[in-house]
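Right, one structure below, let's go through it.
Chain letters run A, B, ... following the sequence lines, proteins first and then strands; every chain starts at 1.
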Protein chains: 2
Amino acid sequence: MRDVARLAGVSQSTVSRVLSRSTSPIQISQDTVQKVLDAVDKLGYRPNLTARSLRGQKTNMIAIMIADISNPMYHSIVRTVQAIARERDYDVLIANTDHVYENELHFCEAIIRRPVDGVLMVPNHLSNDEIEQLIHITDIPVVVLAWPSYYPRVDAVYGDDLKATYDAVRWLVESKGHRRVGFIGVSRTLPPGERRRTGFDRAMTDAGLAVPPDYIQEGDFSIDSGQRAMRALLQLAQPPTAVFVCNDLMAIGAIDAAKDLNCRVPEDVAVIGFDNIPEATIIRPRLTTIAQYPVEMGQQMAHAVFDRIEGLSNGTRQVFEIPCRLIEREST
Amino acid sequence: MRDVARLAGVSQSTVSRVLSRSTSPIQISQDTVQKVLDAVDKLGYRPNLTARSLRGQKTNMIAIMIADISNPMYHSIVRTVQAIARERDYDVLIANTDHVYENELHFCEAIIRRPVDGVLMVPNHLSNDEIEQLIHITDIPVVVLAWPSYYPRVDAVYGDDLKATYDAVRWLVESKGHRRVGFIGVSRTLPPGERRRTGFDRAMTDAGLAVPPDYIQEGDFSIDSGQRAMRALLQLAQPPTAVFVCNDLMAIGAIDAAKDLNCRVPEDVAVIGFDNIPEATIIRPRLTTIAQYPVEMGQQMAHAVFDRIEGLSNGTRQVFEIPCRLIEREST
DNA sequence: ATGAAAGCGCTAACAT
DNA sequence: ATGTTAGCGCTTTCAT
């Protein structure tokens with residue numbers, strides 16, 4: 001920048017003014033602007049954003065922490081967020097936690113030590129205290145993709161998966177006539193795991209149906225774990241006739257395992273998933289699933305942070321529900 | 001940091017020394033160290049990495065540019081790179097280009113303006129000049145996942161997909177007896193598109209087999225585009241009996257389209273993919289494909305940059321071939 | 001309309 | 001072994 005100033009025959013602060021003309025009220029002569037711009041061109045000069053960040057308390061960067069880079073759900077979210085960020089000339093730092101608590105902590109630590117202007121995250125283990133602390137230390141707007149109750153003072157975008165699960169299970173029982181319904185979930189220590197399980201339990205209770213302990217299997221979101229869980233279910237003396245699976249990846253694995261055991265889907269066992277990832281329409285039978293709307297989620301999250309970053313939204317907390325919807329295909 | 005110094009009753013530079021004790025030759029009294037550490041603890045102080053970067057010319061950050069966040073191939077690469085980076089206390093900036101040239105350029109621009117210590121990338125459009133320029137401006141080590149010939153002075157990790165394609169097509173013809181072989185590729189402006197197409201053409205020529213122009217279809221790596229391409233192929237008056245598909249995602253779409261048209265795979269049409277993503281073993285028939293080894297690729301790439309960052313490797317360019325391998329399953 | 005100067009939070013000579 | 005000082009490349013008062 002000094003070089004540019006020298007070449008243009010102006011002071012370094014003038015160069016700075018020309019280059020960050022966003023701060024409007026100051027007038028610069030047309031002539032000077034041109035000289036500076038020419039010099040910038042000639043030298044191929046680019047401002048150093050690290051320095052700008054240090055000085056300006058504005059990094060032009062936001063961070064997004066997702067839970068699983070292999071889950072297509074998050075791809076749409078990330079893509080959407082990136083697109084919105086790009087429009088505003090922000091870079092996006094992506095972190096992937098693989099649902100591991102230590103990684104979530106590490107992310108917070110990284111943000112504290114290398115501040116950004118805003119944070120989006122899908123916290124699975126982080127306590128409210130930990131998030132509060134992050135905000136307190138960094139004073140950065142945070143928006144979570146999570147049920148708002150967990151993080152009471154943070155903007156939240158969420159899908160009502162408890163209700164969606166409940167409704168889907170009741171539908172399985174009432175419209176589809178199933179009485180033996182199994183469940184492939186994930187650890188209840190994970191908020192979605194807990195909620196979907198609760199939705200399931202309530203639906204079964206309200207339907208007056210008992211669920212043998214063996215009918216509840218636990219996976220880890222992966223195709224593999226879905227296969228294992230389904231295998232366990234089908235090898236029971238009296239296997240379920242329908243299985244609610246907590247995400248599509250596991251549901252895909254479950255259907256695969258069923259086929260392997262010569263079990264027809266949906267005739268012998270019906271399967272319903274969660275997420276509505278693109279693959280759900282590719283496998284056969286096409287997967288019945290509960291759709292989430294990742295593009296909308298990404299949009300809401302991004303707009304929520306940027307509104308705060310730009311001071312458009314003040315203190316009041318924002319909460320957005322993006323409803324889920326059952327999509328019936330061939331697996332039920 | 002000043003606060004810590006004050007609380008510990010030492011100078012600010014002493015705090016700095018204690019905290020970045022990596023620079024070994026300097027001795028600090030045990031007592032001082034303790035005082036500083038206590039103060040750090042008490043204040044919950046964390047160094048600001050932005051400032052450290054600005055001053056030290058070391059950011060403790062590397063960037064990775066991948067071509068498609070939806071392609072599971074890249075997930076393993078990213079995960080592996082992240083793991084290795086984490087061990088060394090580096091953060092990873094992930095960028096996704098969706099195979100778009102402008103996004104690749106934007107990435108370079110972003111790196112120039114916000115320097116990192118090393119860059120990994122999967123360039124699809126970037127010319128050698130553009131990469132040279134990036135290196136010239138930033139003086140950062142760059143390693144690419146690409147054929148070394150494109151970027152002659154940059155460390156490269158690559159799979160020999162031309163040969164793998166050639167071999168697979170010959171195998172289709174000689175061992176499997178196919179004489180009408182179709183091809184679903186991607187734009188030849190993309191290096192892998194060009195190479196795989198070349199491999200295909202050579203194999204067919206060497207086998208003495210003609211390829212009608214209609215047998216060559218072009219997609220964009222996505223499941224959808226694979227479906228469309230396969231539909232076009234199967235609606236030909238004389239459709240191919242085997243189709244080589246340039247990636248698994250499109251191959252999955254292709255198989256789906258074949259089923260839709262009541263075409264049996266592999267009896268009526270054999271399909272072979274490329275990548276060996278996890279889904280390849282999930283769909284039915286299980287996909288015959290050419291495996292790439294993303295974990296190894298990620299490891300080599302990461303080690304190559306870190307070796308340079310840490311000065312372990314000097315000027316001489318490194319090149320690693322990670323061979324591909326045909327995995328025969330049920331779709332051929 | 002422009003320049004001079006201070007300082008963002010840190011590291012690394014250079015002193016002592 | 002520790003303190004003093006000079007920047008890293010920028011933005012932003014404060015002067016003029």
Side-chain angles (χ1 to χ4, degrees), chain A residues 1-37 39-40 43-61 89 111-117 137-140, chain B residues 1-37 39-40 43-61 89 111-117 137-140:
Chain A
M1 184 148 157
R2 201 168 28 217
D3 298 344
V4 174
R6 192 152 26 220
L7 181 60
V10 299
S11 80
Q12 189 240 40
S13 43
T14 299
V15 176
S16 172
R17 280 194 202 97
V18 172
L19 263 29
S20 37
R21 122 203 55 190
S22 46
T23 45
S24 37
I26 293 138
Q27 297 295 337
I28 310 164
S29 86
Q30 204 44 52
D31 189 46
T32 310
V33 170
Q34 203 46 56
K35 277 190 302 189
V36 170
L37 259 29
V40 164
L43 264 46
Y45 165 81
R46 266 84 145 209
N48 177 322
L49 296 192
T50 305
R52 187 176 284 179
S53 304
L54 182 58
R55 169 61 224 228
Q57 312 303 38
K58 179 104 172 9
T59 64
N60 264 267
M61 226 169 140
D89 209 34
I111 295 302
I112 291 174
R113 294 163 39 148
R114 199 192 302 280
V116 294
D117 295 339
I137 294 178
T138 61
D139 196 32
I140 291 174
Chain B
M1 185 148 157
R2 201 169 28 220
D3 298 345
V4 174
R6 193 154 26 221
L7 181 60
V10 298
S11 80
Q12 191 239 41
S13 46
T14 299
V15 176
S16 172
R17 280 194 201 96
V18 172
L19 261 31
S20 37
R21 120 204 57 193
S22 45
T23 45
S24 37
I26 293 137
Q27 297 294 337
I28 309 163
S29 86
Q30 203 46 52
D31 191 44
T32 310
V33 171
Q34 202 49 55
K35 276 189 301 188
V36 169
L37 260 27
V40 165
L43 264 43
Y45 165 82
R46 264 85 147 209
N48 177 323
L49 296 192
T50 305
R52 187 177 284 179
S53 303
L54 183 58
R55 169 63 224 224
Q57 311 305 36
K58 180 107 169 11
T59 63
N60 265 267
M61 226 168 141
D89 209 33
I111 294 304
I112 291 173
R113 296 162 38 145
R114 199 192 301 283
V116 294
D117 295 340
I137 294 178
T138 61
D139 197 32
I140 291 173

Grab the N/O contacts between the protein and nucleotides 13-16 of chain C below 3.5 Å, and write none if there aren't any.
| unit_1 | atom_1 | unit_2 | atom_2 | d |
| --- | --- | --- | --- | --- |
| C:dA13 | N6 | B:Arg17 | NH2 | 3.1 |

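Note that the CZ atom of A:Arg113 and the OG1 atom of A:Thr138 stand 14.5 Å from one another [nearest 0.5 Å]. Separating the CZ atom in B:Arg17 from the CD atom in B:Gln12 is a distance of 10.5 Å, to the nearest 0.5 Å. One finds the CD1 atom of B:Ile111 at 12.0 Å from the CD1 atom of B:Ile137 (value rounded to the nearest 0.5 Å). To the nearest 0.5 Å, atoms CZ (A:Arg114) and CE (B:Met61) are separated by 5.0 Å.
A:Thr32 comes within contact range of the sugar-phosphate backbone alone, with a heavy-atom separation under 4.0 Å but no base atom that close. The residue B:Ser29 sits close only to the backbone: its heavy atoms come under 4.0 Å of sugar-phosphate atoms, none of a base. Using a 4.0 Å heavy-atom distance criterion, A:Arg113 is classed as making no nucleic acid contact.
The CD1 atom of A:Ile112 sits 14 Å away from the P atom of C:dC10 (whole-angstrom rounding). The CG atom of B:Leu54 sits 4 Å away from the C1' atom of D:dC8 (whole-angstrom rounding). Per the geometry, CG belonging to B:Asn60 stands 14 Å off C1' belonging to C:dC10, to the nearest Å. Atom-to-atom, CG of A:Leu19 to P of D:dT12 comes out at 13 Å; the value is rounded to the nearest Å. Rounded to whole Å, atom P of C:dA1 lies 17 Å from atom CD of A:Gln34. For B:Lys58 and C:dT11, the NZ to P distance is 12 Å, given to the nearest whole Å. One atom, CG of B:Asn48, and another, P of C:dG7, lie 18 Å apart when rounded to the nearest Å.
A search for side-chain hydrogen bond (donor to acceptor under 3.5 Å, both in side chains) contacts involving A:Asn60 returns nothing, not counting sequence neighbours. Among residues two or more places apart in sequence or in another chain, the side chain to side chain contact (heavy atoms under 4.5 Å, CB included) test is passed with B:Asp117 by B:Lys58, B:Thr59, B:Tyr90, B:Ile309.
Close to C:dG3, at under 4.0 Å from its OP1 or OP2, lies a side-chain N or O of A:Thr14. Distances shorter than 4.0 Å separate some side-chain N or O of A:Ser16 from OP1 or OP2 on D:dT11.
Closest approach of A:Asn48 and A:Ala51 over heavy atoms only: OD1-N, 3.0 Å. Between A:Ala5 and A:Ser11, the shortest heavy-atom distance links the atoms CB-C, 3.8 Å. Contact between A:Pro115 and B:Thr50 at its shortest, heavy atoms only, is CD-OG1, 3.8 Å. Considering every non-hydrogen atom in both B:Ser29 and B:Thr32, the closest pair reads OG-OG1, 2.7 Å.
Scanning atom types as modelled, one donor and one acceptor separated by under 3.5 angstrom connect the side chain of B:Arg55 and the base of D:dG7.
Looking at residues 1-11 of chain A, you'll see A:Met1 sit with a heavy atom under 4.0 Å from some atom of DNA chain D.
Map B:Gln12 and A:Arg52 each onto its nearest nucleotide of DNA chain D; the residue landing nearer the 5' end is B:Gln12. Heavy-atom distances to DNA chain D give each of B:Ala51 and B:Gln30 a nearest nucleotide, and the one nearer the 5′ end belongs to B:Gln30.
In summary, of the residues considered (B:Val15, B:Ile28, B:Leu7), a side-chain contact (heavy atoms from CB on, under 4.5 Å) with B:Val36 occurs for B:Val15 alone.
The list of salt bridge (charged side-chain N to carboxylate O under 4.0 Å, His left out) pairs with a residue in residues 46-55 of chain A, not counting sequence neighbours, reads A:Arg46-B:Glu109.
In this structure, the helix from C:dA1-D:dT16 to C:dT16-D:dA1 shows an angle of 40° between the axis at its start and the axis at its end, each fitted on 5 base pairs and rounded to 10°.
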